[in-house]
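Each chain gets a letter, A, B and so on, in the order its sequence line appears, and its residues count up from 1.
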Protein chains: 2
Amino acid sequence: MQELEERIQSEGTVKAGNVLKVDAFLNHQCDVRLFDRMGSAWAAHFAGKHITKILTIEASGIGIACVAAQHFGNVPVVFAKKAQSINLDGDQYTTTVYSFTKQKEFPVIVAKKYLNAGDHVLLIDDFLANGKALRGLIDLCEAAGATVEGIGIAVEKGFQGGGDALRAEGYDVDSLAIVESMNPETGEITFRH
Amino acid sequence: MQELEERIQSEGTVKAGNVLKVDAFLNHQCDVRLFDRMGSAWAAHFAGKHITKILTIEASGIGIACVAAQHFGNVPVVFAKKAQSINLDGDQYTTTVYSFTKQKEFPVIVAKKYLNAGDHVLLIDDFLANGKALRGLIDLCEAAGATVEGIGIAVEKGFQGGGDALRAEGYDVDSLAIVESMNPETGEITFRH
């Protein structure tokens, strides 16, 4: 998506440790007009799929998913929650996700009643790097017996390999911008096309 | 807002400790069609105000704020972040919010570059009870020199007093449903009109 690449080039900043900051428009300040066009792009890509629900993870995915849902017939958006502790009360599906940012594992939960065997799910998130967060969402779908129809990502850091591994397993991953390389010293960012 | 009251009546559940669960449509599973009509209601209420930015707090406010922003000329949405620790790097405004749910104070931050003296801000959140989270957002606006033009809330628990205190101070608080009383034993919920 050319517009997204241009925004990353002009407003993104590259930090040491494979960090790409795009908080001017994606995940701190949110450009909802851009989100709308991202939703439109995913709707075009996944046009052949019957999507009944969008699943994302708090917090940065929520705004993108809610605006994008308007392009999928206003299907319900469910956001998985990062829990402080595992609470096995039987009413929720639980998995764990390792966060490189926070250098620890944390539990991620979704209430059982909001993810079901009949659901055809589109996963949405702002970033895809190593794919740990998405693996967590896929785990939750598998636990529920729901079908993962596709994965819509705003920014994939292609050089970290998570997206290619998912594609190799057959997942339909539509990343609107794939960063091929980025240099924290020069700030240079190149994209895969 | 009659539709919201009806959804709370039919799908909400009252728990001990003044807890009203509305996660079927508001803050775990999200009904984006409802969010759109909520945005429309706030736009009607705040029609005389010049809003340049919407400020909310992660996580539950984000989806509502992003959809509502479409009714305010697609103004930027900024979500304040709950931080693990206070990091006084000078680039962010910081305040603390006491969470009754988690029984502790936590830091809330916003990057200085996304909240400015020229901003006319609409605060949006899913819930208003004692008003602690909103006080935090107001603190952040004051630190930035931004003007709080109004406060849009989905569900106010009127009996907890936070909304009335803000109104008494002159804030224009538009809560789309105000719960006057709720009973965890009978499940009965009454609204203020």
Side-chain angles (χ1 to χ4, degrees), chain A residues 11 21 23-37 39 53-85 91-92 99 101-104 106 109-116 119 124 126, chain B residues 11 21 23-37 39 53-85 91-92 99 101-104 106 109-116 119 124 126:
Chain A
E11 297 171 56
K21 286 196 79 169
D23 57 5
F25 55 92
L26 201 67
N27 50 18
H28 185 19
Q29 182 166 252
C30 304
D31 181 341
V32 297
R33 202 178 268 128
L34 173 66
F35 288 7
D36 184 60
R37 289 188 286 259
K53 191 163 280 178
I54 291 176
L55 179 65
T56 186
I57 183 166
E58 67 177 16
S60 308
I62 301 173
I64 299 166
C66 283
V67 172
Q70 298 175 321
H71 292 274
F72 290 87
N74 291 302
V75 292
V77 172
V78 174
F79 59 90
K81 298 186 177 193
K82 295 171 182 168
Q84 297 298 313
S85 55
D91 294 336
Q92 53 199 29
S99 165
T101 314
K102 296 181 179 164
Q103 301 264 326
K104 64 170 184 176
F106 55 92
I109 60 131
V110 67
K112 286 186 177 176
K113 56 187 161 183
Y114 304 131
L115 194 58
N116 305 296
D119 280 323
I124 295 265
D126 57 338
Chain B
E11 297 172 55
K21 286 195 80 170
D23 57 5
F25 55 93
L26 201 68
N27 50 18
H28 185 19
Q29 182 166 252
C30 304
D31 181 342
V32 297
R33 202 178 267 127
L34 173 66
F35 288 8
D36 184 60
R37 289 189 286 260
K53 192 163 280 178
I54 291 176
L55 179 66
T56 186
I57 183 166
E58 66 177 17
S60 308
I62 301 173
I64 299 167
C66 283
V67 172
Q70 298 175 321
H71 292 275
F72 290 87
N74 291 302
V75 292
V77 172
V78 174
F79 59 90
K81 298 186 177 193
K82 295 171 182 168
Q84 297 298 312
S85 55
D91 295 335
Q92 53 200 28
S99 165
T101 315
K102 295 181 180 164
Q103 301 264 326
K104 65 170 183 177
F106 56 91
I109 60 129
V110 67
K112 286 186 178 176
K113 55 187 160 182
Y114 305 131
L115 195 58
N116 305 295
D119 281 323
I124 295 264
D126 57 337

Can you say whether [X] sits under 4.5 Å from chain A via the side chain, the backbone, both, or neither, judging by heavy atoms?
X: B:Ala65; result: neither
X: B:Asp36; result: side chain
X: B:Asn74; result: both
X: B:Val75; result: backbone
X: B:Lys53; result: side chain

| said: Any heavy-atom pair between the side chains of B:Cys30 and A:Cys66 that's under 4.5 Å? | reply: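 Side chain of A:Cys66 against side chain of B:Cys30, heavy atoms only: contact under 4.5 Å found.
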| A:His28/B:Lys81 under side chain to side chain contact (heavy atoms under 4.5 Å, CB included): CA gap, chis, key distance, verdict | CA-CA 8 Å; A:His28 185 19; B:Lys81 298 186 177 193; 3.7 Å; yes
| message | Does B:Lys112, at its NZ atom, have more than 12 non-hydrogen atoms belonging to other residues, nucleotides or ligands within less than 6.0 Å? | response |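 Yes, enclosed.
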| field | Flag if over 12 foreign heavy atoms under 6.0 Å of NZ, B:Lys21 | value |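 Check fails, neighbour count at 12 or below.
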| task | Taking all heavy atoms of B:Gln29 and all of A:Pro76, pick out the closest pair and write down the distance. | result |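 The pair with the smallest heavy-atom distance is OE1-CB, 3.8 Å.
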| Contact leader toward chain A among B:Ala80, B:Ser60, B:Gly63, B:Gly61, where contacts are heavy-atom pairs under 4.5 Å |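 Option with the top pair count is B:Gly63.
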| query | Are B:Ile62 and A:Phe79 close enough, and set up right, to give a side chain to side chain contact (heavy atoms under 4.5 Å, CB included), and what steps lead you there? | reply | CA-CA 11 Å; B:Ile62 301 173; A:Phe79 59 90; over 6 Å; no
| request: Could you grab the distance from atom CG of B:Asn27 to atom CD of A:Glu58, nearest 0.5 Å is fine? | output: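 Those atoms lie 10.5 Å apart.
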| query | For A:Tyr114, is it the side chain, the backbone, both or neither that has a heavy atom under 4.5 Å from a heavy atom of chain B? | reply |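 Contact with chain B is through both the backbone and side chain of A:Tyr114.
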